[in-house]
Number of protein chains: 4
Amino acid sequence: MAETTPDAENDKCEDLLDSLRRGRPAAGQDPVKRSQIIDGARRVFIDKGFEAASMNDITREAGVSKGTIYVYFANKEELFEALIEEERGSIFKNMYDLLDRSDDLRQTLVKFGKVLSMKITSARVIQAQRTVIGASDRIPDMGARFYERGPKRGHDRMVTFLNAAIERGLLRIDDVDLAAYQFTDLCLAGLFRQCIFAYRVKAPSQEEIEHIVRSGVDMFLKAYGTASLAEEERHQMIALEAKS
Amino acid sequence: MAETTPDAENDKCEDLLDSLRRGRPAAGQDPVKRSQIIDGARRVFIDKGFEAASMNDITREAGVSKGTIYVYFANKEELFEALIEEERGSIFKNMYDLLDRSDDLRQTLVKFGKVLSMKITSARVIQAQRTVIGASDRIPDMGARFYERGPKRGHDRMVTFLNAAIERGLLRIDDVDLAAYQFTDLCLAGLFRQCIFAYRVKAPSQEEIEHIVRSGVDMFLKAYGTASLAEEERHQMIALEAKS
Amino acid sequence: MAETTPDAENDKCEDLLDSLRRGRPAAGQDPVKRSQIIDGARRVFIDKGFEAASMNDITREAGVSKGTIYVYFANKEELFEALIEEERGSIFKNMYDLLDRSDDLRQTLVKFGKVLSMKITSARVIQAQRTVIGASDRIPDMGARFYERGPKRGHDRMVTFLNAAIERGLLRIDDVDLAAYQFTDLCLAGLFRQCIFAYRVKAPSQEEIEHIVRSGVDMFLKAYGTASLAEEERHQMIALEAKS
Amino acid sequence: MAETTPDAENDKCEDLLDSLRRGRPAAGQDPVKRSQIIDGARRVFIDKGFEAASMNDITREAGVSKGTIYVYFANKEELFEALIEEERGSIFKNMYDLLDRSDDLRQTLVKFGKVLSMKITSARVIQAQRTVIGASDRIPDMGARFYERGPKRGHDRMVTFLNAAIERGLLRIDDVDLAAYQFTDLCLAGLFRQCIFAYRVKAPSQEEIEHIVRSGVDMFLKAYGTASLAEEERHQMIALEAKS
DNA sequence: TATGAATGAGTGTTCATTCAT
DNA sequence: GATGAATGAACACTCATTCAT
């Protein structure tokens, strides 16, 4: 199988699996058309929210006929969920790679925290989250599925990362799971609820995020950092001063 | 009778006189009927979300006629906001009084954090927040208004509390505003998003909340507590040990 | 019976007759309240038309309760018709007295034509006529009744007047009935349809009406005037010239 | 193919191609369905008036679904206006051609006056006018638009015709505009208001119209005819007598 | 008798979904 | 397989009328 883009491959596979899983007729197999539909749907759903988006809008935006959409997706909800699935993939993909490099701990946490905070509070992602949350009541498990495949995965990566740091003797943490949540929520301190409730109408600035994340990392390391982390950081500081 | 604004007083008096005169409350003034409507609306809105809830559903659930609802509330939105207002009132009323007592700092933070966390993650409040978030796309400002009258006020109370503790020399904080957000989000670490996305289907247990809050308070005080706080806590500990 | 104002007397009589005719219960007998209702109804119906006027509007405008209106009038339509009845009376009352004076013929026709044309094209009367016409389909005979008691009566007076002029040898007319219609319609030439279709949004000016009426009277007398009329007019002219 | 506006041409072409390609007319383009809707609408609007007619009634009467009506017409008003437009087209089309032949003046006026009077007082046209008048209050300009495209155009044609007759030396008229109105209203003398108020429940007979029109034309020509018209008519009379 | 709160059928319009072409 | 015209249930909201007080 020739590797093109991982995304496209993924899609094709999922499509096939899907059609097997659901026993759908041979129709609705063209991944190009599927993408076309999802792209149109994205523009409309993000722009208007789930309820206000009309299938006609999507039809127009996607440039395919009403009937065709219903060949690929059983109904509006299924289309929406498919879109969310894709969306998440395209946004958070690769974000966690930052955690794989075994750089300086504080640096890594700050870098990662900034990216995380920026992505989660970006207008687009907030919109999508709002829509998912709003639709959660109507479509059981949609929210749960979203959380599982999104925030949950990120959390797991963070747990792994923290465990590695513990191994390296840099951190000492009783409840690593909790610590991972604390880290994430410190990076978003105040922001998430402000954004999700539309109290903030635009995404926080780079500077604001940097300020919050640095403060959060300070707090986090003051709480969980070991003596050897402090030692290491002291050395780095000295080295840095020597350079300048 | 404490004079507030003359208008409000006047209105109240006229209403009362009216209802006495006629033995029937004025249109849109009967608190029993109002409650009846809001109760029906609560069940429907919470169950289906703002958009999917129909006024007919509410009519049926509340056991009043369509027309009557429109006597009490100008439209669907106003009914929804009234419901939310009531909800918030009935849930968060008095919660912040915990911050007024100048008790032992750590104790206070833990107590308050536990109540806060418990309330915000209670099934009912989560449901209401989901509905507000979902409605935010279509009704700009509804979410913002919700945030302002709810989370924002709580945040302000927390800022005041922290400033008092700083005054007392127990805390040293650069950015009090940020610290308040950090405190709240540490108390909810991991919980809020899990609940709001329905990944958790039931509210966290007392024990879990206690664990999270204690951990958060530890972290918070490790970061912002002064030497005199430590001193004070050491004395308490000794006193406590002596007792036992 | 003490003569107060002819209008009030009329009303009282009609009310009594009404209640006898319809066998209504003793309720709804107070002519003051009846007038109050009709006055409110007038403002609302004239302002909004039959369908758009709401009984609530009328309630508010009349300053009586909903129930009271329904004591005096069986329903919206009956109220409307009662209003129209009154309206016509108050507007056209006395207008035809102009025809009773045996003045100079041309003068009389011009004077009468001007008043007629002005009244019929006045905003108020046009509104009322529009409403009657619009309601005619829904309320059988309303239009006919309106025509009979309004335009028809005026027409009859005009026929009488023309016959008198014929008697005096001033006119020679084959079909007096037709001539009366011709006179009226010449006085309104072009105006009635323009007004009733709201092509003209405001009533024609005094000057315009004068121009139209004079032209119509000229035509009318050229067609139906006798030699002796011409003679008479010649004398008048001479007399007039002599004076100046 | 005569190029009018490129856009209009384009649209027309695309529509045609579309319907050929698919063997089905484009949305809102099927003239059969359009007629079906308008026919249903005609029955309902004429029967109940604009306000009282409900889209549900029309749906039922037309035998199409609610949605389909809204594909063909944006809203109730637009449907109503389309109906009126059609109505006018089908009734008054070609009527004014009578004025294009330069026949004997009196004959032409009589012929035209008869047709005009007959059409305007026909049950169908009266009904339509009643509906428009009734709707005028709520929908400003609807009546005006009706007047402009109907009576106003007819009036303009009459003005042109009279000017031609003046040119030919047959008439002498100071105010041609007024004269045109006078002619029309003489042809309808008494009829229009009787019909529009439903005092007359059926259209006037041929004979009655003939009588009224002849009388009106007599009057009109007595007022505006020149000596040369009289001369011409005398010659015709002699010629006619000679023949018999 | 007079009141006005309550009623609920009715309004014009939208839109997810179907199915003949 | 793809299309998009047609569908009709559903929507938020109004208002003539009733009837308990």
Side-chain angles (χ1 to χ4, degrees), chain A residues 25-30 33 51-60 64-77 79, chain B residues 18-19 21-30 33 51-60 64-77 79, chain C residues 25-30 33 51-60 64-77 79, chain D residues 18-19 21-30 33 51-60 64-77 79:
Chain A
Q29 298 251 346
D30 182 350
K33 196 143 272 183
E51 305 274 356
S54 88
M55 291 303 267
N56 261 338
D57 295 341
I58 294 170
T59 278
R60 202 178 310 115
V64 299
S65 80
K66 214 82 88 67
T68 302
I69 292 182
Y70 279 88
V71 167
Y72 283 77
F73 304 94
N75 51 39
K76 197 182 174 186
E77 291 179 4
L79 169 58
Chain B
D18 262 41
S19 45
R21 249 187 256 121
R22 281 189 267 278
R24 207 194 338 181
Q29 297 296 328
D30 184 347
K33 195 141 274 181
E51 306 275 354
S54 87
M55 291 304 268
N56 267 336
D57 295 339
I58 295 169
T59 278
R60 205 176 307 115
V64 299
S65 78
K66 200 96 79 77
T68 302
I69 293 182
Y70 279 90
V71 167
Y72 283 76
F73 303 95
N75 51 41
K76 197 183 177 185
E77 284 178 25
L79 169 58
Chain C
Q29 298 250 346
D30 182 351
K33 196 142 272 184
E51 305 274 356
S54 87
M55 291 303 266
N56 261 338
D57 295 341
I58 294 169
T59 277
R60 203 177 309 115
V64 300
S65 81
K66 215 82 87 69
T68 303
I69 293 182
Y70 279 87
V71 168
Y72 283 78
F73 304 94
N75 52 39
K76 197 182 174 185
E77 291 179 2
L79 169 58
Chain D
D18 261 40
S19 45
R21 248 188 256 119
R22 281 189 268 278
R24 208 193 338 179
Q29 298 294 328
D30 183 347
K33 195 140 275 183
E51 306 275 354
S54 87
M55 293 302 269
N56 266 336
D57 296 339
I58 294 169
T59 278
R60 206 177 306 115
V64 298
S65 78
K66 205 92 82 76
T68 302
I69 293 182
Y70 279 89
V71 167
Y72 282 77
F73 303 95
N75 51 40
K76 197 182 177 184
E77 285 178 25
L79 170 57

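First the proteins, then the strands, lettered A, B, ... as listed; each starts at 1. Since the model is a prediction, treat every value here as computed from it, not as a measurement.
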Which nucleotide in [options] has an atom nearest any side-chain atom of [X]:
| X | options | value |
| --- | --- | --- |
| Lys33(B) | dG4(E), dG12(E), dA6(E) | dA6(E) |
| Lys76(A) | dC11(F), dT17(E), dT13(E) | dT17(E) |
| Val64(C) | dA2(F), dT3(E), dC15(F) | dT3(E) |

Rounding to a whole Å, what distance do you find between [X]:[atom1] and [N]:[atom2]?
| X | N | atom1 | atom2 | answer |
| --- | --- | --- | --- | --- |
| Asn56(C) | dT7(E) | CG | P | 16 Å |
| Glu77(A) | dC15(E) | CD | P | 16 Å |
| Met55(B) | dA9(F) | CE | P | 23 Å |
| Glu51(A) | dT14(E) | CD | P | 17 Å |
| Lys66(C) | dT17(F) | NZ | P | 10 Å |
| Ile69(A) | dT3(F) | CD1 | C1' | 12 Å |
| Ile58(B) | dC11(F) | CD1 | P | 11 Å |
| Asp57(A) | dT14(E) | CG | P | 12 Å |

Walking DNA chain F from its 5' end, the first of Ser65(A) and Asn75(B) to be reached, judged by nearest nucleotide, is Ser65(A)

Can you see if the side chain of Ser54(B) gets near the phosphate of dA10(F) - specifically, an N or O under 4.0 Å from OP1 or OP2? no

Would you please confirm or rule out a distance under 4.0 Å between OP1 or OP2 of dT3(E) and any side-chain N or O of Tyr70(C)? no

Classify [X] by what it touches in the nucleic acid, base, sugar-phosphate, or nothing, heavy-atom distance under 4.0 Å.
| X | answer |
| --- | --- |
| Ala53(D) | sugar-phosphate |
| Ala52(C) | nothing |
| Thr68(C) | base |

Dot-bracket for DNA chain E, please. Rules: Watson-Crick or G-U, both distances under 3.5 Å, ( ) within the strand, [ ] when a pair crosses earlier ones, | for another strand, . otherwise. .||||||||||||||||||||

Check Tyr70(C) against Asn75(C) and note the closest heavy-atom contact, atom names and distance. CE2-CA, 4.1 Å

One pair to check against side-chain contact (heavy atoms from CB on, under 4.5 Å): Val64(B) and Thr59(B). What are the steps and the verdict? CA-CA 6 Å; Val64(B) 299; Thr59(B) 278; 5.7 Å; no

Would you give the length of the straight line joining atom CE of Met55(D) to atom NZ of Lys66(D), rounded to the nearest 0.5 angstrom? 8.0 Å

Once rounded to the nearest 0.5 Å, what's the spacing between atom CD1 of Ile58(C) and atom CZ of Phe73(C)? 10.0 Å

Assess the residue pair Tyr72(D) and Asp30(D) against the criterion (side-chain contact (heavy atoms from CB on, under 4.5 Å)); give the C-alpha distance rounded to whole Å, side-chain angles, the decisive distance to 0.1 Å, and a yes or no. CA-CA 9 Å; Tyr72(D) 282 77; Asp30(D) 183 347; 3.0 Å; yes

Would you confirm whether Lys76(A), through its side chain, and Glu51(A), through its main-chain N or O, come within 3.5 Å as a donor-acceptor pair? yes

Can you list the steps and then say if Lys33(D) with Val71(D) is a side-chain contact (heavy atoms from CB on, under 4.5 Å)? CA-CA 11 Å; Lys33(D) 195 140 275 183; Val71(D) 167; over 6 Å; no

